[in-house]
Amino acid sequence: MTTLYTTTVTNTGGRSGEVFTEDKSFHLQVAAPGSKNTDATNPEQLFAAGYSACFNSALEVVMRKQKIKSASTVKGTVNLLKDESDGGFKISVELEVEIADLDQAQTQELANIAHTVCPYSKATSGNIDVTIKAI
């Protein structure tokens, strides 16, 4: 495979720290969900941001190949869950997809195709529950 892009982000302090790139072009404070630190994000928000952006880009590729010129929006929701099987934690994802000027059935069809193209979808396949819902 040909590498198209590489990035590195460092975390210090886990859920009570920070994440940053070496050049500091990306730098955020991190706190656990429900923290009083309203200036901080958490790993679940970061995952939701990355997955929704990546999925929407994959959707745009699918739409472009089918010569569909409409605006799309992807809302990503990440759930932090108690993993009863081992007493730990796991996540699930819900992606709500909207495409202007298309009905729900057409949107769902395109979203299903995008799910086979998106790198995040490929990485999570068989690992976490992902629900794709056209709205």
Side-chain angles (χ1 to χ4, degrees):
M1 279 192 223
T2 303
T3 301
L4 300 176
Y5 175 72
T6 301
T7 189
T8 302
V9 175
T10 301
N11 169 269
T12 59
R15 288 180 180 265
S16 298
E18 61 184 346
V19 289
F20 56 88
T21 56
E22 290 179 5
D23 66 0
K24 301 292 187 192
S25 63
F26 178 84
H27 183 245
L28 295 170
Q29 295 298 309
V30 179
S35 169
K36 293 180 181 178
N37 183 354
T38 58
D39 292 329
T41 189
N42 60 60
E44 293 75 25
Q45 289 173 329
L46 293 169
F47 193 79
Y51 202 159
S52 63
C54 187
F55 193 90
N56 204 5
S57 292
L59 182 62
E60 289 173 348
V61 167
V62 170
M63 290 168 43
R64 194 167 37 254
K65 285 182 179 179
Q66 294 194 19
K67 299 184 182 354
I68 297 170
K69 295 181 180 181
S70 294
S72 58
T73 303
V74 176
K75 179 180 175 183
T77 301
V78 171
N79 303 294
L80 179 61
L81 309 166
K82 179 89 169 146
D83 188 346
E84 302 300 335
S85 69
D86 65 6
F89 303 93
K90 61 184 181 178
I91 61 172
S92 68
V93 175
E94 299 165 9
L95 297 174
E96 291 184 355
V97 180
E98 183 175 4
I99 302 174
D101 306 319
L102 295 185
D103 66 27
Q104 189 173 3
Q106 293 170 306
T107 299
Q108 188 67 55
E109 181 181 335
L110 293 170
N112 290 344
I113 296 168
H115 193 45
T116 67
V117 175
C118 174
Y120 271 66
S121 292
K122 289 179 180 182
T124 60
S125 179
N127 298 314
I128 66 172
D129 293 331
V130 177
T131 304
I132 311 294
K133 178 182 175 187
I135 56 170

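Counting from 1, the numbers follow the sequence of the chain as shown.
A donor-acceptor contact shorter than 3.5 Å links the side chain of Q104 to the backbone of A134. Judged purely by atom type and a 3.5 angstrom limit, K82 uses its side chain to pair as donor or acceptor with the backbone of G87. Between the side chain of T124 and the backbone N or O of I128, no donor-acceptor pair lies under 3.5 Å. Using modelled atom types, no side-chain atom of S16 and backbone atom of G13 make a donor-acceptor pair closer than 3.5 Å. Between the side chain of S57 and the main chain of A53, a donor-acceptor pair closer than 3.5 Å is present. Using modelled atom types, one side-chain atom of S70 and one backbone atom of A100 make a donor-acceptor pair closer than 3.5 Å.
The shortest non-hydrogen separation linking L59 to S72 is CD2-CB, 3.7 Å. Residues S52 and V74 share a closest heavy-atom pair of CB-O, 3.6 Å.
In this structure, C118 and Y51 have side chains that are in contact, with non-hydrogen atoms separated by less than 4.5 Å.
V93 and V117 fall within the same hydrophobic cluster, where Ile, Leu, Val, Met, Phe, Trp and Tyr residues are linked whenever their side-chain heavy atoms come under 4.5 Å apart, directly or through other members. I132 and I91 fall within the same hydrophobic cluster, defined by Ile, Leu, Val, Met, Phe, Trp and Tyr side-chain heavy atoms under 4.5 Å apart, directly or through other members. No continuous path of ILVMFWY side-chain contacts below 4.5 Å connects F55 to V61, so the two sit in separate hydrophobic clusters. When hydrophobic clusters are built by joining Ile, Leu, Val, Met, Phe, Trp and Tyr residues whose side-chain heavy atoms come closer than 4.5 Å, directly or via intermediates, F89 is not grouped with L81. Hydrophobic clustering (side-chain heavy atoms under 4.5 Å, transitive across Ile, Leu, Val, Met, Phe, Trp, Tyr) keeps L46 apart from Y120.
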side-chain contact (heavy atoms from CB on, under 4.5 Å) between M63 and L110, intermediate numbers included: CA-CA 7 Å; M63 290 168 43; L110 293 170; 4.1 Å; yes
Could you walk me through whether T7 and F26 satisfy the side-chain contact (heavy atoms from CB on, under 4.5 Å) test, starting with their C-alpha distance in whole Å, then the side-chain angles of each, then the deciding distance to 0.1 Å, before giving a yes or no? CA-CA 11 Å; T7 189; F26 178 84; over 6 Å; no
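Distance CD/Q29 to CZ/F20: 10.5 Å, rounded to 0.5 Å. We find the NZ-NE2 distance between K122 and H115 to be 11.5 Å, quoted to the nearest 0.5 Å. Taken from CZ in F47 to CG in L80, the straight-line distance is 12.5 Å, to the nearest 0.5 Å. Rounding to the nearest 0.5 angstrom, the gap separating the CD atom in E94 from the OG1 atom in T131 is 5.5 Å. Atoms CG and CD1, from L102 and I68 in turn, are 5.5 Å apart once rounded to the nearest 0.5 Å. From K75, atom NZ reaches atom CG of N56 across 14.5 Å, with rounding to the nearest 0.5 Å.
For N112, the side chain to side chain donor-acceptor pair (under 3.5 Å) partners are Q108, not counting sequence neighbours.
Counting non-hydrogen atoms of neighbouring residues, nucleotides and ligands closer than 6.0 angstrom, the CG atom of N79 exceeds 12 such neighbours.
Residue pairs meeting the salt bridge (charged side-chain N to carboxylate O under 4.0 Å, His left out) criterion with at least one partner in residues 7-34, sequence neighbours excluded, are R15-E44.
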